[in-house]
Amino acid sequence: MNTVSASPIASQALQQILADQTVLSLLKTYQLLPHLLRELAIDRAIASFSCTAEEEATICQSFFAQQQIQPEQQQQWLDVQGITLEDVMTPLKRGIRIEKFKQATWGQKIESYFLQRKDQLDQVIYSMIQHSDSGMITELYFRLQEEEASFAELATQYSQGLASKTKGIIGPVEFGNIHPDLAVLLKHSQPQELVKTYIGDWYILAQTEVKIPAQLDEPMRQRLLNELYSEWLQQEISHISLAA
């Protein structure tokens, strides 16, 4: 994980807060301290990043377009809201600076991180029947083996979970969001191969329908970038909290 040098302004602000016990006590009382520490950690990280004039013009134009405010109406709108253009621009520019920080810190690591996470990111569509009686699951297993009925028919009739409403079909869902015991079975099974397991109070009968490999497209790249950023931010907040 990349380390980020402290911004003098953010560090000074933190020291002032920690030195003022009244302020610190109030922040803790109203559960605002974690949010403040988060924002200070971000300010420290993005201190060396800035927006270009072109970027500022673009985000300003986009903001007012989203608000459906014409250029000649902008100042009037700001006056009615009781804010300045800088009040609008500051959080928008901060968002761009955060994205630049993410790219500079983890942009070159996304491919390797994707490969590390791929087993969890791959998706599957599967059929499932869950029941509290192991004997019933065994019976249904053999009925399916003998092709006495379809999985969808048996799931609709016998499953005691939500799968009964979907003819047993679950997904597409990422393997990382499936119970680990079931995920392993589905991951290593062939399509239409029946697998059985016991999870919590339920006996499970399932089969893989379709496996969908994860792709490192732009939405996935942004998601992984955000994951790494969130992990880093949690660590930074923990470090600051310990210092407090």
Side-chain angles (χ1 to χ4, degrees), residues 1-5 34 38 41-42 44-46 48-49 94-131 137 141 144-145 150-152 155 159 161-239:
M1 192 64 65
N2 289 35
T3 58
V4 180
S5 300
R38 178 181 185 277
I42 294 172
R44 180 175 64 185
I46 67 174
S48 61
F49 295 88
R94 192 169 189 256
I96 289 181
R97 294 166 64 204
I98 289 172
E99 290 304 317
K100 288 185 175 183
F101 164 69
K102 291 179 188 177
Q103 289 290 344
T105 309
W106 299 287
Q108 299 302 315
K109 301 178 180 180
I110 294 300
E111 285 79 5
S112 61
Y113 182 59
F114 171 74
L115 294 177
Q116 294 173 22
R117 294 269 286 112
K118 191 174 184 303
D119 280 348
Q120 299 293 305
L121 297 171
D122 287 342
Q123 295 183 318
V124 63
I125 299 173
Y126 65 100
S127 296
M128 183 180 75
I129 298 171
Q130 65 182 69
H131 204 282
I137 287 294
Y141 177 85
L144 287 168
Q145 288 281 58
S150 70
F151 205 112
S159 184
L162 294 177
S164 65
K165 307 298 183 183
T166 62
K167 297 182 179 181
I169 295 293
I170 306 291
V173 60
E174 292 180 358
F175 280 101
N177 293 329
I178 304 173
H179 188 283
D181 293 344
L182 179 57
V184 169
L185 292 174
L186 294 174
K187 190 79 174 180
H188 296 93
S189 67
Q190 298 300 316
Q192 310 305 312
E193 178 184 350
L194 292 173
V195 297
K196 293 189 293 183
T197 189
Y198 179 72
I199 300 174
D201 297 326
W202 299 105
Y203 294 89
I204 304 293
L205 180 60
Q207 69 180 22
T208 297
E209 302 295 342
V210 180
K211 294 177 183 177
I212 308 170
Q215 302 293 323
L216 188 55
D217 53 16
E218 191 54 39
M220 178 63 73
R221 183 179 293 273
Q222 187 62 48
R223 171 185 166 179
L224 297 180
L225 199 61
N226 290 340
E227 280 187 13
L228 291 169
Y229 171 71
S230 294
E231 290 174 6
W232 165 82
L233 189 53
Q234 287 301 317
Q235 292 180 4
E236 287 295 299
I237 293 172
S238 297
H239 292 158

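Quantities reported herein were computed from a predicted structural model and do not represent experimental measurements.
Taking 4.5 Å as the limit, every side-chain heavy atom of Trp106 sits out of range of all side-chain heavy atoms of Tyr113. The side-chain heavy atoms of Ile110 and Leu228, taken from C-beta on, include a pair separated by under 4.5 Å. Side chains of Glu236 and Arg38 form no contact here, defined as non-hydrogen atoms less than 4.5 Å apart. At a threshold of 4.5 Å between non-hydrogen side-chain atoms, the residues Asp122 and Lys211 do not count as touching. No side-chain heavy atom of Phe49 sits under 4.5 Å from any side-chain heavy atom of Ile98. Inter-residue side-chain proximity for Lys118 and Pro213 is flagged as met; some heavy-atom pair is nearer than 4.5 Å. Looking at heavy atoms from C-beta onward, Leu225 lies in side-chain contact with Gln103 at the 4.5 angstrom threshold. In this structure, Leu162 and Thr166 have side chains that are not in contact, with every pair of non-hydrogen atoms separated by 4.5 Å or more.
Phe101 CZ to Arg94 CZ: the interatomic distance, rounded to the nearest 0.5 Å, is 11.5 Å. Separation of atoms NZ (Lys167) and OG (Ser159) is listed at 14.5 Å; rounding is to 0.5 Å. Between atom CD of residue Gln207 and atom CD1 of residue Ile129 there is a gap of 8.5 Å, rounded to the nearest 0.5 Å. The line from CG of Asn226 to CG of Leu233 is 11.5 Å long, rounded to the nearest 0.5 Å. Here the CD1-CH2 distance, from Ile42 to Trp232, works out to 6.5 Å after rounding to the nearest 0.5 Å. Phe114 contributes atom CZ, which lies 7.5 Å from atom CG of Leu224 (distance to the nearest 0.5 angstrom).
Of the possible polar contacts, none joining the Tyr229 side chain to the Glu231 backbone as a donor-acceptor pair under 3.5 Å is found. Formation of a donor-acceptor pair under 3.5 Å by the Lys196 side chain with backbone atoms of Tyr203 is not found in this model. Using a distance-only test at 3.5 Å, with no hydrogens or angles considered, a donor-acceptor pair links the side chain of Ser164 to the main chain of Gly161.
Taking each heavy atom of Gln108 and Glu111 in turn, the nearest pair found is O-OE1, 4.0 Å. Between Pro34 and Ile237, the shortest heavy-atom contact is O-CD1, 4.5 Å. Across Glu174 and Gln120, no two heavy atoms sit closer than the pair CB-O, 3.4 Å. Closest approach of Gly171 to Ile125, counting heavy atoms only: C-CG1, 4.2 Å.
Residues passing the salt bridge (charged side-chain N to carboxylate O under 4.0 Å, His left out) test with Arg117 are Glu227, sequence neighbours excluded. By the side chain to side chain donor-acceptor pair (under 3.5 Å) test, Thr208 is found to be paired with Ser189, residues two or more places apart in sequence or in another chain being considered.
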Can you list the steps and then say if Val195 with His188 is a side-chain contact (heavy atoms from CB on, under 4.5 Å)? CA-CA 10 Å; Val195 297; His188 296 93; over 6 Å; no

Show your reasoning for whether side-chain contact (heavy atoms from CB on, under 4.5 Å) applies to Ile178 and Tyr126. CA-CA 11 Å; Ile178 304 173; Tyr126 65 100; 3.9 Å; yes

Phe151 and Leu144: side-chain contact (heavy atoms from CB on, under 4.5 Å), yes or no, with the steps? CA-CA 7 Å; Phe151 205 112; Leu144 287 168; 3.6 Å; yes

Apply side-chain contact (heavy atoms from CB on, under 4.5 Å) to the pair Ile204 and His179, showing each step before the final yes or no. CA-CA 11 Å; Ile204 304 293; His179 188 283; over 6 Å; no

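Within 6.0 Å of CD in Gln145 there are more than 12 heavy atoms belonging to other residues, nucleotides or ligands. Open room surrounds CG on Asp201; 12 or fewer heavy atoms of other groups in view lie less than 6.0 Å from it. Around atom NZ of Lys165, no more than 12 heavy atoms belonging to other residues, nucleotides or ligands sit under 6.0 Å away.
Partner Glu209 forms a side-chain contact (heavy atoms from CB on, under 4.5 Å) with one of Ile169, Val124, Leu186 and no other, that one being Ile169.
Neither side chain, Gln190 nor Gln192, offers a donor N or O lying under 3.5 Å from an acceptor on the other.
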